[in-house]
2 protein chains.
Amino acid sequence: MEITAPLGLRDKKRAETRAKLERAAVELVLRDGLAHATVDAISDAADVSSRTFFNYFDSKEDAILGVRDLELTDEAVAEHLARTDGAGLIESVVKLLFWVIGPSITTSDLHVLRMQVVKAHPELLSRQITQMTRMADQLTAAIQTLLKKDPAFAGDPAASLQPTADVLFALCGGGLRVAVKEWVTEGSATAHDQSASLTVLESRAIELVREVTKKIQ
Amino acid sequence: MEITAPLGLRDKKRAETRAKLERAAVELVLRDGLAHATVDAISDAADVSSRTFFNYFDSKEDAILGVRDLELTDEAVAEHLARTDGAGLIESVVKLLFWVIGPSITTSDLHVLRMQVVKAHPELLSRQITQMTRMADQLTAAIQTLLKKDPAFAGDPAASLQPTADVLFALCGGGLRVAVKEWVTEGSATAHDQSASLTVLESRAIELVREVTKKIQ
DNA sequence: CGAAACTTTGCAGGTAGCGCAATAATTGAG
DNA sequence: CTCAATTATTGCGCTACCTGCAAAGTTTCG
């Protein structure tokens with residue numbers, strides 16, 4: 001997850017421009033609505049041309065949500081799994097998923113504003129889901145390695161691991177989504193302590209999944 | 001779920017045009033790729049103007065996926081719940097979800113082609129998820145009534161029922177999705193006996209969910 | 001300083017999607 | 001059957017999204 005700090009002037013400027021665009025995007029959407037906050041307007045507010053906008057983001061939505069394509073390498077996933085070793089299956093999977101989507105929620109001070117944006121324009125939420133679904137193959141592969149280590153699934157044939165991982169992915173993803181939803185609606189009232197709410201979100205998701213799997217059938 | 005058969009000539013033509021557009025959209029995307037299958041091309045293939053295209057669909061994606069806003073009335077849901085009364089919780093929820101999405105799988109022969117399209121163009125998945133999420137509120141409401149009847153959740157406060165229903169929705173939706181995925185990949189080899197594979201699909205989804213909830217933690 | 005590498009920008013072009021108004025087809029009442 | 005009301009189709013024009021390309025500007029590093 002460590003992102004090497006930009007050293008040169010060039011990288012610094014790039015980071016600044018990106019930040020300005022993200023901020024402008026969020027603020028304009030809040031002020032004018034999603035449809036009226038055009039790429040031109042956002043670019044103007046950030047003092048760059050609209051062509052430059054698309055050098056930074058693939059789409060208007062990406063700018064609003066601050067999507068950066070972190071290239072989830074297999075090594076990074078493996079490293080994360082190693083770091084959270086020893087936890088239960090549910091916990092591990094939720095932590096894995098949260099590790100992926102967490103940063104896009106809490107990275108900058110814009111996240112409070114972003115919550116308001118998502119609240120006002122729920123259609124953007126599907127974008128978040130898409131982002132997760134894009135990495136689904138990698139993540140379910142990682143979940144399969146978790147399953148292999150779990151005693152309950154140890155003897156299972158490899159063929160049944162993929163569907164199991166898929167379902168588990170859906171289950172924990174759902175828990176996380178609900179936790180985020182709660183966090184958004186409650187969070188707009190009270191100010192967020194970043195580091196605190198981070199872990200709260202995660203454990204709430206785990207709690208939700210546990211609750212369901214425990215009581216079911 | 002009963003959709004009243006169109007009687008007049010006007011409605012018949014509308015249905016025909018719509019079907020032609022859906023088919024043309026899927027076939028052109030498969031043949032030429034998502035980017036090259038323009039609205040103009042699709043409209044031409046369906047013998048209508050591109051302006052007419054937008055009288056039927058809000059977006060190109062909607063046409064490809066055959067999105068129609070079927071108005072799931074509360075009464076219909078209640079009636080279905082009554083019909084499948086007495087089953088276990090998982091079974092009931094899966095049957096509920098399958099009851100909703102089943103028709104769109106088996107109604108038209110386009111469904112298999114659509115799966116290929118989604119496979120080739122995963123970015124469409126977000127749209128599909130959005131489609132399902134559109135009915136999420138009604139369905140999770142129905143799931144809540146199921147929860148109330150279940151002894152394991154009988155004493156729970158109403159406030160905790162909503163998140164539980166959401167997670168359950170994600171879980172069973174995931175199981176169903178995996179079952180459909182298997183059905184499509186296997187089914188491309190062997191010819192489908194519609195009525196037979198229908199129930200198989202449903203029970204496979206139930207099996208998947210059971211498997212996970214049983215073995216977990 | 002000066003060449004290499006990278007960024008910004010304008011321009012041109014293609015596509016998506018919508019509002020409007022004219023035209024054409026269907027329907028239902030008389 | 002006829003005519004008026006309703007609804008569908010279509011062309012036109014417009015805005016916005018997004019991309020490729022090449023010119024001009026900026027940063028880096030030897």
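Letters go in sequence order (proteins before strands), and every chain restarts at 1.
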Undergrad: What integer distance in Å separates B/Ile64:CD1 from C/dA16:C1'?
TA: 12 Å
Undergrad: Side-chain N or O of B/Arg10 less than 4.0 angstrom from OP1 or OP2 on D/dA8?
TA: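 Checking B/Arg10 against D/dA8: no side-chain N or O falls below 4.0 Å of OP1 or OP2.
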Undergrad: Looking across every strand, which nucleic acid part, if any, lies under 4.0 Å from A/Ser50 by heavy atom: base, sugar-phosphate, or nothing?
TA: nothing
Undergrad: So does B/Arg51 reach the base of C/dG17 with its side chain, donor to acceptor, closer than 3.5 Å?
TA: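 When only heavy-atom distances are counted, B/Arg51 does not reach the base of C/dG17 through any donor-acceptor pair under 3.5 Å.
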Undergrad: Starting at atom CG of A/Asp47, determine the distance to atom P of D/dG25, rounded to an integer number of angstrom.
TA: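 About 19 Å, once rounded to whole Å.
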Undergrad: How many whole angstroms separate atom NE2 of B/His36 from atom P of C/dA16?
TA: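 Distance check: B/His36 NE2 to C/dA16 P gives 12 Å.
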Undergrad: From CZ of B/Phe57 over to P of C/dC18, roughly how many Å is that when rounded to an integer?
TA: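 Checked: the CZ to P distance equals 14 Å.
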Undergrad: Atom CZ of A/Phe53 to atom C1' of D/dT19: distance rounded to whole Å?
TA: 14 Å
Undergrad: Using a heavy-atom cut-off of under 4.0 Å over every strand shown, decide if A/Tyr56 touches base, sugar-phosphate, or nothing.
TA: sugar-phosphate
Undergrad: Counting only side-chain nitrogens and oxygens, does B/Lys13 get under 4.0 Å of the OP1 or OP2 atom of C/dA25?
TA: no
Undergrad: Going by the angle between their ring planes, with limits at 30° and 60°, are B/His111 and B/Trp183 parallel, tilted or perpendicular?
TA: tilted
Undergrad: Nearest to the side chain of A/Lys60 - C/dG17, D/dC17, D/dT28?
TA: D/dC17
Undergrad: A/Thr38 near the nucleic acid: base, sugar-phosphate alone, or nothing, with a heavy-atom cut-off under 4.0 Å?
TA: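 Result for A/Thr38 = sugar-phosphate.
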Undergrad: Is a side-chain N or O of B/Thr52 found less than 3.5 angstrom from the main chain of B/Val48, in a donor-acceptor match?
TA: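 No: the side chain of B/Thr52 does not pair with the backbone of B/Val48.
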Undergrad: For B/Leu124 and C/dA16, give me the distance from atom CG to atom C1', rounded to whole Å.
TA: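 Spelled out: CG on B/Leu124 to C1' on C/dA16 is 15 Å.
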Undergrad: Does A/Ser49 put a side-chain nitrogen or oxygen below 4.0 Å from OP1 or OP2 of C/dT8?
TA: no
Undergrad: Starting at CG of B/Asp44 and ending at P of D/dG11, how long is that distance when rounded to a whole Å?
TA: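 Spelled out: CG on B/Asp44 to P on D/dG11 is 10 Å.
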Undergrad: Which residue, B/Asn55 or A/Asp58, contacts DNA chain D at a nucleotide closer to its 5' end, judged by nearest heavy atom?
TA: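 Closer to the 5' end of DNA chain D: B/Asn55.
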Undergrad: Would you indicate which nucleotide in C/dT8, C/dC18, D/dT10 comes nearest to any side-chain atom of A/Arg14?
TA: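 Closest of the options to the side chain of A/Arg14: C/dT8.
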Undergrad: In this structure, how many angstroms lie between the P atom of C/dG13 and the CZ atom of A/Phe54, rounded?
TA: 19 Å
Undergrad: With B/Phe57, which of B/Ile42, B/Leu21, B/Ile64, B/Val39 fulfils side chain to side chain contact (heavy atoms under 4.5 Å, CB included)?
TA: B/Leu21
Undergrad: Say whether, by atom type as modelled, one donor and one acceptor occur between the side chain of A/Lys95 and the main chain of A/Glu202 under 3.5 angstrom.
TA: no
Undergrad: Under the 3.5 angstrom rule, does the side chain of B/Lys60 hit a backbone N or O of B/Ala37 as a donor-acceptor pair?
TA: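 Confirmed, B/Lys60 side chain pairs with B/Ala37 backbone.
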